[in-house]
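Read through the structure below, which is laid out as structure tokens, and then see the notes.
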Protein chains: 2
Amino acid sequence: MHKQTFADAQHWPANVLAQDCPSRVILQHVTSRWGTLILIALAEDTLRFANLRRRVQGISERMLAQTLQVLESDGLVHRHAHDVVPPHVDYRLTPLGFEVAARVIDLARWIEGNLDRLKQEGQTAP
Amino acid sequence: MHKQTFADAQHWPANVLAQDCPSRVILQHVTSRWGTLILIALAEDTLRFANLRRRVQGISERMLAQTLQVLESDGLVHRHAHDVVPPHVDYRLTPLGFEVAARVIDLARWIEGNLDRLKQEGQTAP
DNA sequence: CAGAATCCTTTTTGATACTG
DNA sequence: CAGTATCAAAAAGGATTCTG
């Protein structure tokens with residue numbers, strides 16, 4: 001064949017491309033700006049709110065809380081609140097969360113490993 | 001061990017979590033709202049602007065053009081303009097593009113295949 | 001400590017109209 | 001056809017303040 005395509009993709013319906021596909025919503029959550037990084041961080045270790053925030057550099061309290069709720073509602077993250085004062089809450093991935101995280105990590109790692117082959121920023125304001 | 005973690009992630013520095021890591025920028029591009037879908041669509045086939053737009057349902061001309069430029073500047077998409085009138089331009093993935101696309105597709109496919117195990121939208125406005 | 005609430009700024013996005 | 005330009009609307013993000 002003289003046209004290069006990703007063979008595996010050829011025989012996959014790819015419903016995500018459909019506007020109303022529910023998987024598109026989840027994909028959006030998982031690949032959201034902070035969602036990706038949170039999944040990566042939690043795949044390494046169970047973390048408390050403050051620690052997680054320190055690990056995912058640059059995230060604000062607001063976005064951390066918000067993104068965690070979304071991922072929790074998707075069943076990817078488990079919020080474990082110990083009933084003590086002061087509050088002690090830790091976050092961990094659910095089994096499902098580990099499965100997606102593995103794929104996100106694979107992607108992120110590929111990028112890190114091929115940074116030199118990729119052209120950096122060709123974008124300049126006009 | 002009594003603490004479940006993604007073993008493979010344990011021994012990976014995960015630079016993306018660092019605020020200034022260049023890989024974070026690329027990851028952002030690849031996992032952007034439309035970037036992901038464009039990569040998936042182009043992995044299936046080389047497409048012209050209009051066709052690509054039809055394939056990635058819901059995308060506007062503006063976002064398609066813009067996202068394509070970003071992906072092109074990253075070296076993931078190749079823009080091939082035939083020198084004819086009226087214009088004929090087609091887009092295809094570069095070898096590098098196919099490599100990331102494979103991973104994005106793996107993620108998307110996992111989500112599609114596990115939709116039933118995932119909790120849909122737990123979000124309701126207060 | 002964890003996070004909800006509030007206020008405000010910055011980006012993103014989408015229609016629409018226009019051009020080579 | 002394949003975009004670019006422009007403008008307004010919407011969403012995302014951040015800083016700060018406050019509470020159980």
Side-chain angles (χ1 to χ4, degrees), chain A residues 17 19-20 24-25 27-38 41-42 45-73 77-92 121-126, chain B residues 17 19-20 24-25 27-38 41-42 45-73 77-92 121-126:
Chain A
L17 297 181
Q19 203 159 16
D20 57 327
R24 196 145 143 177
V25 179
L27 182 66
Q28 221 83 118
H29 295 170
V30 172
T31 62
S32 67
R33 177 166 181 193
W34 302 113
T36 304
L37 302 180
I38 289 177
L42 290 182
D45 206 357
T46 290
L47 293 168
R48 298 180 60 173
F49 192 85
N51 293 137
L52 181 51
R53 184 172 176 211
R54 225 163 283 130
R55 190 91 183 88
V56 180
Q57 287 180 34
I59 194 171
S60 65
E61 287 185 0
R62 193 174 177 285
M63 292 315 297
L64 178 54
Q66 186 174 301
T67 308
L68 279 172
Q69 287 179 0
V70 171
L71 295 178
E72 193 193 350
S73 80
V77 165
H78 175 67
R79 177 180 186 279
H80 185 226
H82 302 249
D83 194 9
V84 294
V85 175
H88 180 125
V89 179
D90 43 41
Y91 292 90
R92 66 185 62 195
E121 294 302 272
Q123 308 277 88
T124 39
Chain B
L17 297 180
Q19 205 158 13
D20 57 328
R24 197 145 139 176
V25 180
L27 183 64
Q28 221 82 118
H29 295 171
V30 172
T31 63
S32 67
R33 178 165 181 195
W34 302 112
T36 304
L37 302 181
I38 289 177
L42 289 181
D45 206 355
T46 290
L47 293 168
R48 297 180 62 171
F49 191 86
N51 293 140
L52 182 51
R53 186 171 173 213
R54 226 162 284 132
R55 190 90 184 88
V56 181
Q57 287 180 32
I59 193 171
S60 65
E61 287 185 1
R62 195 175 174 287
M63 293 314 297
L64 178 55
Q66 186 174 302
T67 308
L68 279 172
Q69 286 179 1
V70 171
L71 295 178
E72 192 191 353
S73 80
V77 165
H78 175 67
R79 177 180 187 280
H80 184 225
H82 302 248
D83 195 7
V84 294
V85 174
H88 181 126
V89 180
D90 43 40
Y91 293 90
R92 65 184 63 193
E121 295 300 273
Q123 308 276 85
T124 40

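In this text the structure is predicted, and so the values were computed from the model without any measurement.
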*Value in whole Å for how far the P atom of dA2(D) lies from CG of L47(B)*: 11 Å
*asked:* Any non-hydrogen side-chain atom of V77(B) less than 4.5 Å from a side-chain atom of L42(B)?
replied: yes
*Starting at CG of L64(B) and ending at P of dA2(D), how long is that distance when rounded to a whole Å?*
10 Å
_Side chains of I59(A) and L52(A), heavy atoms from C-beta outward: is any pair under 4.5 Å?_
no
*With sequence neighbours excluded, residues passing side chain to side chain contact (heavy atoms under 4.5 Å, CB included) with A81(B)*: R79(B), V89(B)
*Can you tell me if the side-chain N/O atoms of Q69(B) get under 4.0 Å from OP1 or OP2 in dG3(D)?*
no
_When the axes are fitted on five pairs at both termini, how much does the helix from dC1(C)-dG20(D) to dG20(C)-dC1(D) curve, in 10° steps?_
50°
*For N51(B) and dC1(D), what is the distance between atoms CG and P respectively, to the nearest whole Å?*
10 Å
*Not counting sequence neighbours, which residues clear side chain to side chain contact (heavy atoms under 4.5 Å, CB included) with T67(B)? List them please.*
S32(B), W34(B), I38(B), M63(B), L71(B)
*Give me the first and last nucleotide of DNA chain C, going 5' to 3', that has any atom under 4.0 Å from a heavy atom of chain A.*
dC1(C) to dT6(C)
_Using modelled atom types and a 3.5 Å cut-off, is there a donor and acceptor pairing between side-chain atoms of R24(B) and backbone atoms of L17(B)?_
yes
*Can you check side chain to side chain contact (heavy atoms under 4.5 Å, CB included) on L27(A) and L37(B), steps first, answer last?*
CA-CA 10 Å; L27(A) 182 66; L37(B) 302 181; 4.2 Å; yes
*At their closest point, which heavy atom of R48(B) faces which heavy atom of P87(B), and how far apart are they?*
NH2-O, 3.5 Å
_Test of understanding: with side chain to side chain contact (heavy atoms under 4.5 Å, CB included), list the residues that count as partners of V84(B), not counting sequence neighbours._
H82(B), H88(B)
*Reading nucleotides 5-20 of chain D from the 5' end, what letters show protein touch, with B for base, S for backbone sugar-phosphate only, - for no heavy atom under 4.0 Å?*
-B------BBB----B
*asked:* Please give me the minimum heavy-atom distance between Q19(A) and Q57(B), naming the atom from each residue.
replied: N-OE1, 3.2 Å
*Between CG of L47(A) and CZ of R53(A), what distance do you get to the nearest 0.5 Å?*
14.0 Å
